[in-house]
Amino acid sequence: MADDFLSVRGLTLHYGGSQILNGIDLSAVRGEVTCITGTNGVGKTSLLKALSGTHPRSDGDYVLDGQPIGRLKAFDLARRGVAYVPQGREIFPFLTVRENLETGFACLPKSKRQVNDEIFELFPILKTFLNRRGGDLSGGQQQQLAIARALVSDPKVLLLDEPTEGIQPNVIQQIAQTIRILKARGTIAIILVEQFLSFAHDLGDTFIVMERGKVKLRGRKSSLSIEDLVASTAL
């Protein structure tokens, strides 16, 4: 597809002697959400770690913005436009909200190191809490901070790992609205790992169901109902 920003073919990944991912094919398209789901332990987080460079893949072709990617590490992939929001958020609890956001500057040239107003349009609560420590925020506010920090880096691909986990319903709706806005802009490709299937089906365009490190089911929203997803992820 002409709008693919990220594409992997035959991706495999090992932890020590254990093979975690086996021959994963995946594309991320600007203006769309690719949802990855499946039960716990099937390799969803490992896939995002491989895509973000935080864990090196064992094999497979990785193309980013039309350019083959070798064994780039996370920082280099971030400089090329891949932003990762890990499961558990991993914000810095003793830094203020402002300082947490500014950690997103690391991969940017000095001329772009600023927090744009659109970040606070997406997450108004963060502007109110700029001087509050990250650890003093609620879980939902920390999740918003983690996504905002990723967006500060001006990504072309946004990797989201279980953004609804442990989050109150009103914040889940705010996060969903943020994803809709990002989709509508048409400049970011989003890969969403999510087990909250109604949230995933509402936002997704393409769905991948994983099982034991492989793709069990793949399809567009037009051909996969939420009932199909529920059935495919049932133990």
Side-chain angles (χ1 to χ4, degrees), residues 3 5-6 28-37 44-45 48 51-52 78 81-92 95-105 107-108 112 114-130 132 134 136-208 221 226 229:
D3 287 332
F5 187 82
L6 181 154
V29 179
R30 291 181 178 95
E32 292 195 358
V33 174
T34 300
C35 286
I36 302 167
T37 190
K44 303 184 301 296
T45 292
L48 290 195
L51 296 177
S52 66
V82 180
Y84 177 34
V85 181
Q87 188 176 23
R89 302 177 281 275
E90 295 185 10
I91 59 106
F92 296 99
L95 298 184
T96 65
V97 167
R98 184 192 303 277
E99 290 166 340
N100 268 277
L101 292 173
E102 289 175 350
T103 64
F105 292 166
C107 61
L108 294 175
K112 292 186 176 182
Q114 58 184 358
V115 180
N116 295 323
D117 289 340
E118 65 182 19
I119 296 294
F120 300 121
E121 292 169 5
L122 291 171
F123 305 106
I125 194 67
L126 299 182
K127 190 169 186 178
T128 303
F129 291 161
L130 274 175
R132 185 172 295 190
D136 294 334
L137 303 183
S138 69
Q141 291 162 354
Q142 289 183 9
Q143 185 65 70
Q144 292 178 79
L145 175 57
I147 297 172
R149 178 180 60 186
L151 294 176
V152 163
S153 68
D154 191 25
K156 301 298 185 294
V157 178
L158 181 62
L159 310 176
L160 297 172
D161 196 355
E162 302 277 8
T164 68
E165 185 179 45
I167 304 301
Q168 56 267 44
N170 65 313
V171 178
I172 289 176
Q173 291 306 312
Q174 292 170 20
I175 291 171
Q177 181 60 17
T178 296
I179 293 173
R180 292 188 192 99
I181 292 170
L182 295 175
K183 279 181 61 173
R185 291 177 182 172
T187 58
I188 297 180
I190 299 171
I191 299 178
L192 170 68
V193 164
E194 185 57 65
Q195 293 191 80
F196 183 8
L197 294 182
S198 61
F199 178 89
H201 194 265
D202 179 48
L203 295 168
D205 298 285
T206 296
F207 299 90
I208 292 174
K221 188 171 187 171
I226 189 168
L229 292 181

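All values below were derived from every heavy atom in this structure, side-chain atoms included, with hydrogens, water molecules and symmetry-related copies excluded. Nothing here was measured: the structure is a model prediction, and the numbers come from that model.
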Which atom of Ala148 lies closest to which atom of Leu126, heavy atoms considered:
CB-CD1, 3.6 Å

Any non-hydrogen side-chain atom of Glu194 less than 4.5 Å from a side-chain atom of Glu162?
yes

Shortest non-hydrogen contact from Ile208 to Thr34?
CD1-CG2, 4.3 Å

Quick check against the 3.5 Å criterion: does Lys156 have a side-chain atom that pairs as donor or acceptor with the backbone of Ala189?
no

Donor-acceptor list for residues 169-178 side chains, cut-off 3.5 Å, not counting sequence neighbours:
residue : atom : partner : partner atom : Å
Gln177  : OE1  : Arg180  : NH1          : 3.3
Thr178  : OG1  : Gln174  : O            : 3.1

Any side-chain heavy atom of Leu151 sitting closer than 4.5 Å to one from Leu158?
yes

Under 3.5 Å, sequence neighbours excluded: what are the donor-acceptor pairs made by side chains of residues 83-91?
residue : atom : partner : partner atom : Å
Gln87   : NE2  : Glu165  : OE1          : 3.2
Gln87   : NE2  : Glu165  : OE2          : 3.3

Any chance you could lay out the side chain to side chain contact (heavy atoms under 4.5 Å, CB included) test for Arg149 and Phe92, step after step, and finish with the verdict?
CA-CA 11 Å; Arg149 178 180 60 186; Phe92 296 99; 3.7 Å; yes

Do Ile181 and Leu122 touch side chain to side chain, with heavy atoms closer than 4.5 Å?
yes

Let me know which of Val33, Ile179, Val193, Ile36 forms a side-chain contact (heavy atoms from CB on, under 4.5 Å) with Leu160.
Ile179

Rounded to the nearest 0.5 Å, what separates atom CD1 in Ile119 from atom NZ in Lys127?
12.5 Å

Heavy-atom pair with the smallest gap, counting every atom of Ile167 and Gly139
CD1-O, 3.5 Å

Please round to the nearest 0.5 Å and tell me the distance separating atom CD of Glu99 and atom CG of Leu130.
10.5 Å

What distance separates Asp205 CG from Cys35 SG, expressed to the nearest 0.5 Å?
8.0 Å

Closest approach of Lys44 and Thr37, non-hydrogen atoms and distance?
CD-C, 3.5 Å

For a 4.5 angstrom cut-off between non-hydrogen side-chain atoms, does Phe105 reach Val115?
yes

Please report the closest heavy-atom contact between Gly186 and Arg30, naming both atoms and the distance.
O-CB, 3.6 Å

So, using side-chain hydrogen bond (donor to acceptor under 3.5 Å, both in side chains) as the criterion, who are the partners of Thr206 when residues are at least two apart?
Arg220

Which heavy atom of Leu95 sits nearest to which heavy atom of Asn100, and what is that distance?
O-ND2, 3.2 Å

Between Phe207 and Leu197, does the side chain to side chain contact (heavy atoms under 4.5 Å, CB included) criterion hold? Intermediate values first, please.
CA-CA 11 Å; Phe207 299 90; Leu197 294 182; over 6 Å; no

For the pair Asp136 and Phe129, evaluate side chain to side chain contact (heavy atoms under 4.5 Å, CB included) and give the outcome as yes or no after the intermediate values.
CA-CA 10 Å; Asp136 294 334; Phe129 291 161; over 6 Å; no

Go through Ile190 and Leu182 one step at a time and tell me if the side chain to side chain contact (heavy atoms under 4.5 Å, CB included) criterion holds.
CA-CA 9 Å; Ile190 299 171; Leu182 295 175; 4.0 Å; yes

Are any non-hydrogen side-chain atoms of Phe123 and Leu101 less than 4.5 angstrom apart?
no

Nearest 0.5 Å please: distance from the CD1 atom of Ile226 over to the NZ atom of Lys221.
9.5 Å

